[in-house]
Amino acid sequence: MFSKILIANRGEIAVRVIRACKEMGIRTVAIYSEADRNSLHVRLADEAICVGGPKAEQSYLHIPAIVSAAEITDVDGIHPGYGFLSQNAHFAEICESCNITFLGPSAQSIRLMGDKIAAKDLMRKTGIPIIPGSMAAVRNKEDALNTARRIGYPVMVKAAAGGGGRGMRVCHNDVRLISALMTCQAEAEASFGNSEVFVEKYLQEPRHIEFQILADKQGHIIHLGERDCTIQRRHQKLVEEAPSPVVDAKLRRKMGELAVRAAKAAGYTSTGTVEFLLDKDGGFYFIEMNTRIQVEHPVTEMVTGIDLIKEQIRVAAGESLGIKQDEVTMEGWAIECRINAEDPANRFAPSPGKITFYHEPGGRGVRVDSHVFTGYDVPPYYDSLLAKLITTGSTRQEAIRTMQRALEEYFIEPIKTTIPLHKQIFSDPTFWRGHIATDYIDRQLQLGESE
Ligand code: MV4
C-alpha cells in the first residue's frame, strides 16, 4: 500500500482524496498555486508545496513543477483528481517513468479513450451500440455531405479530441453542415491541438446515462450502476442522480454488461465511467469513456456504500477488487447538485470574491463535499465549483425533499451562486416527474440561453 500520495489538484476533490488517504493511514502532500495559499486542502494535507503562479498553466498544469514536488517529498503515488492533468497520458507516462504510481488507468487507456473516433471504432468492433455516423475523421466537405445524406439530418459534428460536449454542433442541412465543419475544426485545433472532427446522427432529447466502472489490475471489472446526468447547461452538468428514473432493472443489467465489456476492450484498470445516450424509445448508444474519477462520483457512493476513492487507491496499489458484481447493491436514491460561484440570473457570469459568511446544511440524508469556509477567497482562475450538495432518501421524492430543505439551509454570502437555480429546479413539477429533456435548463427555466 502507498505510504505517501501527492494530490495534483485543488478544491473539493483535493479535500476528498486527502480525507480518504487519512482514513487509510496514507500521508498526503498538497500542491498549490500562489492563489490557493490559504485554501483548505493545503491546511488538511500533511505537507504542502507551492508549484507556481495563479494561472493553471503555471501551477496545476505545470508538469515539471509537480513532478519536482513529488520527488522532493518522496511520494509513491500521485492522484490527479479530475480536470487538469487527470486525462493527460503524457503526465501518466512521466509519473510511471519516475517510478511514481499514477492513480488512474494506463497511459495507453487514457490515450485510446481520449480519441473519440478510435474509442467509437473499438466499441463498434466489440459489439457495443454506437451512434450511426462517420467511422473516421471527416476528410473533406464531400465526405461529410455523403455521411449526412446516409444517416439523414439533423446531424452532430463532434471533435475527435473533444469530450463532455466540448466542440459539438448540431446541423439541420448541407449549408449549416459545411459551416459547422469549418468552425468545429478550427475550435478543435485551438482547444485540443487536433482538428479532426466526425459526423453522427443527432439524437433528439436523449438522456445522459453513465455507468461507474471499477477495475483492478488482475482483470476483474465490475459496474456500480448508473448515474443520470441529463440536466446540463452548455454541457456542464448541474444535477446528477443515482439511480436514473428512466432505467429499470432489465435495462440496467443490459447497459451495465455492455459498460463492463467496453472497459474490458479498453484494457481498463482503476475507476472509470462509460457514458451512453438513451433515446426516447429505449435505444442506447456509447458516446465516450471518461478515464478519471468524476465530479459526480458521490451519488454512486451513497447508493452502493462503496468509497470510490479508497477503491481507486487500493486497485492502484495492486489489490484485487474486494467485491463481486453480484454483491453490488443500489439502496435508496441520491441526488447531487453543483454549487458554483456563478450568477444564473446573469448568464452564469462568474462570481469570485471573499466569502464573509458560510454555513453548510446538515442533518440526516445530507452530504456536502466542499473546500469552502468563512473568509475563503474564491479565486477567478479556476472552474467555479464551490461545493457538491448530495442528499439521499429511501425514495426519489424523499431525496428531493431533503435537497429542498438543505438548499434552504445553505448560506454563501455575499457572492452569487447557483443555489437559487437549484431551488427552482427541485420545485419544478417536470423535475419531480423525472422526465426531463436535455434542453431542460434553457426551455423549462426560461433562462433564455441558446446553446
Ligand atoms: C449528443 C447529443 C445528441 N446527439 N450526441 C455529448 C456529451 C454530453 N455531455 C452531451 N452530449 C450530447 N451528445 C448526439 N449524437 C446530445 C448531447 C447533449 C446532451 C445529452 C444528454 C443530456 C444532456 C445534454 C445536453 C447537451 C447535449
Side-chain angles (χ1 to χ4, degrees), residues 82-83 87 113-117 119-120 123-124 128-135 138 144 147-148 150-172 176-177 180-181 184 187-188 191-192 197-211 226-242 244-247 255 273-292 294-296 336-338 348 383 425 430-431 434-445 447 449-451:
Y82 50 66
Q87 299 195 137
M113 292 297 114
D115 176 343
K116 306 305 167 193
I117 295 174
K120 262 185 93 170
M123 297 309 153
R124 182 179 55 81
I128 290 157
I130 57 170
I131 302 173
S134 48
M135 293 299 141
V138 166
T147 301
R150 175 165 54 87
I151 59 180
Y153 284 104
V155 300
M156 197 80 148
V157 179
K158 291 185 174 180
R166 288 173 303 158
M168 286 165 53
R169 283 278 191 301
V170 188
C171 310
H172 293 267
R176 297 290 295 269
L177 176 57
L181 273 183
C184 281
E187 280 172 8
S191 320
F192 317 115
V197 296
F198 61 100
V199 176
E200 62 182 26
K201 185 70 185 160
Y202 177 71
L203 301 185
Q204 305 286 349
E205 296 191 1
R207 301 292 292 246
H208 178 123
I209 308 292
E210 57 186 36
F211 274 74
E226 81 280 0
R227 294 185 287 263
D228 190 320
C229 309
T230 302
I231 295 193
Q232 306 183 12
R233 180 187 166 273
R234 293 193 172 182
H235 309 299
Q236 289 302 319
K237 296 166 184 166
L238 280 169
V239 174
E240 303 100 347
E241 62 182 300
S244 164
V246 298
V247 171
M255 293 179 82
T273 299
V274 180
E275 287 192 6
F276 296 99
L277 293 186
L278 175 68
D279 67 18
K280 283 181 283 195
D281 46 31
F284 59 88
Y285 309 88
F286 168 89
I287 44 170
E288 57 189 279
M289 179 168 191
N290 299 316
T291 57
R292 66 184 189 274
Q294 294 203 232
V295 172
E296 60 267 27
E336 173 183 276
C337 66
R338 299 190 189 195
F348 290 82
D383 71 63
I425 290 171
T430 312
F431 180 78
H435 293 278
I436 36 184
T438 52
D439 56 353
Y440 175 82
I441 292 294
D442 298 340
R443 191 156 47 87
Q444 297 287 341
L445 300 175
L447 284 172
E449 296 285 310
S450 58
E451 267 301 304

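Model, not experiment: these values are computed from the prediction. Each ligand, and each atom within it, is numbered from 1 in the order the structure gives.
Here's the thing with Glu200: one of its N/O atoms is less than 3.5 angstrom from an N/O atom of ligand 1. Residue Lys201 places at least one N or O, backbone or side chain, under 3.5 Å from an N or O of ligand 1. Backbone and side-chain nitrogen or oxygen atoms of Met156 are examined, and none is located within less than 3.5 angstrom of a nitrogen or oxygen of ligand 1. For ligand 1, the polar-atom distance check finds an N/O of Gln232 within less than 3.5 Å of one of the ligand's N/O atoms. The shortest N/O to N/O separation between Lys158 and ligand 1 falls below 3.5 Å.
Thr273 pairs with exactly one of Arg292, Gln294, Glu210 by the side-chain hydrogen bond (donor to acceptor under 3.5 Å, both in side chains) rule, that one being Gln294. Of the options Glu296, Gln232, Glu336, a side-chain hydrogen bond (donor to acceptor under 3.5 Å, both in side chains) to Lys237 is made by Glu296 and by none of the others.
The CE atom of Met255 lies 11.5 Å from the CD1 atom of Ile128; values are rounded to the nearest 0.5 Å. Atom OH in Tyr285 sits 9.5 Å away from atom CG in Leu278 (nearest 0.5 Å).
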Test salt bridge (charged side-chain N to carboxylate O under 4.0 Å, His left out) applied to Arg338 and Glu240, step by step
CA-CA 9 Å; Arg338 299 190 189 195; Glu240 303 100 347; 2.7 Å; yes
Salt bridge (charged side-chain N to carboxylate O under 4.0 Å, His left out) between Lys120 and Glu288, intermediate numbers included:
CA-CA 8 Å; Lys120 262 185 93 170; Glu288 57 189 279; over 6 Å; no
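Each of the atoms 22 (C), 23 (C) of ligand 1 lies under 4.0 Å from some heavy atom of Thr230. Numbered from 1 in the order shown, with element, the atoms of ligand 1 that lie under 4.0 Å from a heavy atom of Ile131 read 15 (N). Atom numbering of ligand 1 starts at 1 in the shown order; those under 4.0 Å from a heavy atom of Tyr202 are 3 (C), 4 (N). With ligand atoms numbered from 1 in the order given, ligand 1 contributes 1 (C), 2 (C), 5 (N), 13 (N), 14 (C), 20 (C), 21 (C) to contacts under 4.0 Å with heavy atoms of Leu277.
Residue-ligand proximity: Gln204 is placed with every non-hydrogen atom at 4.0 Å or more from ligand 1.
Contact annotation for Ile231 and ligand 1: no heavy atom of the residue comes within less than 4.0 Å of the ligand. With a 4.0 Å cut-off on non-hydrogen atoms, His208 touches ligand 1 through its backbone as well as its side chain. Residue Leu203 touches ligand 1 through backbone and side chain together, judged by heavy-atom distances below 4.0 Å.
Taking 4.5 Å as the limit, every side-chain heavy atom of Cys184 sits out of range of all side-chain heavy atoms of Met156.
In summary, Arg227 and Glu241 do not engage in a salt bridge, as defined by a charged side-chain N under 4.0 Å from a carboxylate O.
Looking at Lys116, its side chain never comes within 3.5 Å of a backbone N or O of Phe198 through a donor-acceptor pair.
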